[in-house]
Amino acid sequence: MSGMSSMASLHLHRSLPCFTNPSSDFPHESGFTESSTHIRLPRRFNRNPVPGIIPVNRNFRSLLRIGIALQASRLRSFEISSSVTEDLKTDSVQQKQSLAGAFLIDNVGPNPTVLDAQARVCTGPTQTRPLNKDQTTKALHAILQSAKQELCEVERVSAAQMGAFFGAMTVRASSFPQNTQWSEGERAAMKELWPLLVQVLPPDVLFIADPDGLLSEGALHAGIHFVGRGPQEMRLVGALREVLRGDHLGFEEVVGLLRDILPLQGNIGDALVGAFLICQRMNGETDRELKAYCMAFDNELGPLPVADVRSLTHYGEPYDGNTRFFRSTLFVAAVRASYGETCLIHGVEWMPPKSGITEGQILGELGAAITLPPTIAAKLLEDEDIGLAYISQREAHPSLYSLIGLRHHIKKRPTVATTEKVQHYVRATGREAMMAGFYHKGFQEPLLMLMRRRGVAAGLVIKGEEGALSLTTNTFSTDQSGKGPSVNSCAGFRPMTTTCSETRELDGVLREPFSLTISAVDYGFEPTSTPRIDRSVAKNIQLGLSALGGNKGPAYDRIIFNAAMTDFLLGCEGASTFSLALERSREAVDSGQALSRLWKFIDATKRCA
């Protein structure tokens, strides 16, 4: 596409300024003149792409830089055409296809029919929705045809899918309550098709589906006496016998198994790994099991780097991103970093099952280098002009990252989806706080338990929209009818500031617990609907940059509200009251300091790369 046709995709309301330096603090320093019509775009930063990920349309990068110039000069907000956002949606699909089978031995599928069945049955004792006979028959037929190699590779049921599906069926039959055990339809379909399946399924899948021979009514098959192929697989099979019965494992045993399994490199079958991960989640993890998943790879790259900073907040957003609503965390972190609250965001570019918009995608499209190691992140945090860093799981925990393809094939979130939000990639010499988003009930206390185990001074869990960290400024219902906490529910702990009977002592430090549901209206905000992004990185960037550029609206309100409330709830210095915290966050945006801080961070990552 020519430069002229690229320009046609961007609708502007006045002449475009001359653009020379996207990171300058003020318009007059970057060569802006309102009368300018000539645009000089900087040479595009050529970062190393993630293996298997298709780079986003380069025309979008040019368009984005033009929009950035407008934001920095406070001229007009900009709009990105639907053709550009459609390019990004297409790229997201290509990313998903590229990584869907990463690190798997059996790189086929996944089969959509079985994925639909997994979505219903690979979940907890109260959330499971038993299949009817037709649904079960279709899933089993797909498995049968795949085992006989009658389907093409793209449509075939992978070994990881078989492990997750049959593992879920076994756990349900063994330990679930009556209403989520097998339905009559499931029993009828299995009775019809099991005699055929038993002839073609590999021994490890037969073991997962029928470890005690109950489906075969006493007839022997290869799975009954399956013990594994090699010492690592043998240990996993032994543990799976307990897990498939609904039993739990100890801390050391889980740590040992995870280190046997990861990184995925072909020494253990995909079916066994898929069954282990999904069935442990279905059983509901104990504190010991959660701690094991959380800390098994703490020293994978050696001792953690230490940043010499006064305070550090670790942001643990759900790694699979947002699909519907504005993802504001990067922009909130830039606000807080601009007045000295150092912020570390960690995540990935793409992660199943939601495969939504992440901070990694946003930063990548803004030109940042997103594959820097934790040692470099620590240096960025120490820099008083930056105080902001991003760490990719791919660089910091390659073992956990190797699960990315398998996580797509097992459909539902495994235990690591919870524990990766409470990772400790960099330590601070000063005060540390951790934040994590959640959605489903029952995860507030486990997340806070893990934060306390990390030894941080303050912890905060938030149920924002889509389970993200951002509090909404919209009105919402507090009646969830048994679905768990409402949106804007928060819980946490912070250093005790006054004498209080409800304090907890941990590691010699007194911490004050709190729990509340926050309504922005109570803090002086008009109710506003959360801006929708609908899987568009472009829309998310447009909203965030426009808000940091001082343009008032729902995104602006959401950013300053979340920055202030985070400071207040975590007990940060200078935020003894919410009004003081809000005044500070609003000033950071209105003065341009937050936007300047974001660009300084992005430019610094390029130099480090």
I'd like to know whether Phe103 forms a side-chain contact (heavy atoms from CB on, under 4.5 Å) with Leu406, so could you lay out the CA-CA distance, the side-chain angles of the two residues, the decisive distance to 0.1 Å, and finally the verdict.
CA-CA 8 Å; Phe103 305 100; Leu406 186 136; over 6 Å; no
N/O donor-acceptor pair under 3.5 Å between [X] side chain and [Y] backbone:
X	Y	value
Gln423	Thr419	yes
Glu382	Asp308	yes
Arg413	Thr418	no
Arg597	Asp385	yes
Gln361	Glu349	yes
Asn562	Leu471	yes
Ser489	Pro485	no
Arg394	Ser402	no
Thr605	Ala369	yes
Thr429	Val309	yes

From [X] atom [atom1] to [Y] atom [atom2], the distance as rounded to the nearest 0.5 Å:
X	Y	atom1	atom2	answer
Ile559	Ser328	CD1	OG	6.0 Å
Arg431	Cys572	CZ	SG	5.0 Å
Leu290	Leu447	CG	CG	8.5 Å
Glu365	Ile370	CD	CD1	8.5 Å
Leu516	Ile518	CG	CD1	4.5 Å
Leu460	Thr313	CG	OG1	9.5 Å

Flag side-chain contact, heavy atom, 4.5 Å: [X] against [Y]:
X	Y	value
Phe331	Ile362	yes
Ile533	Leu543	yes
Pro305	Val426	yes
Val461	Phe443	no
Arg427	Val306	yes
His346	Glu317	no
Leu598	Leu548	yes
Trp350	Ile404	yes

Stepwise, does the side-chain contact (heavy atoms from CB on, under 4.5 Å) test hold for Ser355 with Asp320?
CA-CA 5 Å; Ser355 309; Asp320 60 354; over 6 Å; no
The test is side chain to side chain donor-acceptor pair (under 3.5 Å); show your working for Ser546 and Asn551 and say whether it passes.
CA-CA 6 Å; Ser546 177; Asn551 290 302; 3.2 Å; yes
List in chain and number order the residues that pass salt bridge (Lys or Arg N to Asp or Glu O under 4.0 Å) with [X], two or more places apart in sequence or in another chain; answer none if no residue qualifies.
X	value
Glu587	none
Asp298	Arg454
Lys354	Glu466
Arg407	Glu420

Tell me if the centroids of the rings in Phe493 and Phe514 come within less than 6.0 Å of each other.
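Between Phe493 and Phe514, the centre distance exceeds or equals 6.0 Å.
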Closest approach of [X] to [Y] (non-hydrogen atoms, all atoms of both residues):
X	Y	result
Ala377	Ala389	O-CB, 3.7 Å
Phe568	Ala575	CD1-O, 3.5 Å
Ala337	Gly387	CB-O, 3.5 Å
Gln444	Phe438	CG-CZ, 3.2 Å
Leu380	Cys608	CD2-SG, 4.0 Å
Arg511	Ala457	NE-O, 3.5 Å

For the residue pair Tyr315 / Arg336, report whether a side-chain donor-acceptor contact shorter than 3.5 Å exists.
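There is such a pair between these side chains.
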Taking atom types as modelled, is there a side-chain donor on Ser311 or Glu341 under 3.5 Å from an acceptor on the other?
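A pair is found: one side chain offers a donor N or O, the other an acceptor, under 3.5 Å apart.
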If the threshold is 4.0 Å, N to carboxylate O, is there a salt bridge linking Asp603 and Lys606?
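Looking at Lys606 together with Asp603, the answer is yes, because their closest N to O distance falls below 4.0 Å.
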Does this structure show an ion pair linking Arg327 with Glu359, if we count only N-O contacts that are shorter than 4.0 Å?
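Answer for the salt bridge query: yes.
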For the pair Ser585 and Tyr339, evaluate side-chain contact (heavy atoms from CB on, under 4.5 Å) and give the outcome as yes or no after the intermediate values.
CA-CA 8 Å; Ser585 67; Tyr339 48 73; 4.2 Å; yes
Could you tell me whether Glu300 atom CD has more than 12 heavy atoms of other residues or ligands within 6.0 Å of it?
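Enclosed.
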Side chain to side chain donor-acceptor pair (under 3.5 Å) for Thr528 and Thr473? Distances and angles first, verdict last.
CA-CA 6 Å; Thr528 53; Thr473 54; 2.7 Å; yes
Any pair counted as salt bridge (charged side-chain N to carboxylate O under 4.0 Å, His left out), so long as it reaches residues 548-559, sequence neighbours left out
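The answer is Glu465-Arg558, Lys552-Asp590.
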Could you give all pairs that pass the salt bridge (charged side-chain N to carboxylate O under 4.0 Å, His left out) test and reach residues 577-586, with sequence neighbours left out?
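Sorted pair list: Asp567-Arg584.
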Take Leu381 and Leu388 through the side-chain contact (heavy atoms from CB on, under 4.5 Å) test and state the conclusion after the steps.
CA-CA 5 Å; Leu381 295 172; Leu388 179 62; 5.6 Å; no
Take Tyr425 and His314, measure what ring-ring contact (aromatic ring centres under 6.0 Å, His included) needs, and give me the verdict at the end.
CA-CA 9 Å; Tyr425 292 125; His314 303 260; 8.6 Å; no
Whether Lys463 engages the ring of Tyr439 as a cation-pi pair (distance to the six-membered ring centre under 6.0 angstrom, angle to the ring normal within 45°) should be assessed.
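Yes, Lys463 lies over the aromatic ring of Tyr439.
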So, is the end of the Arg532 side chain (NZ or CZ) under 6.0 Å from the ring centre of Phe326 and within 45° of the ring's axis?
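Here Arg532 fails the 6.0 Å and 45° test against Phe326.
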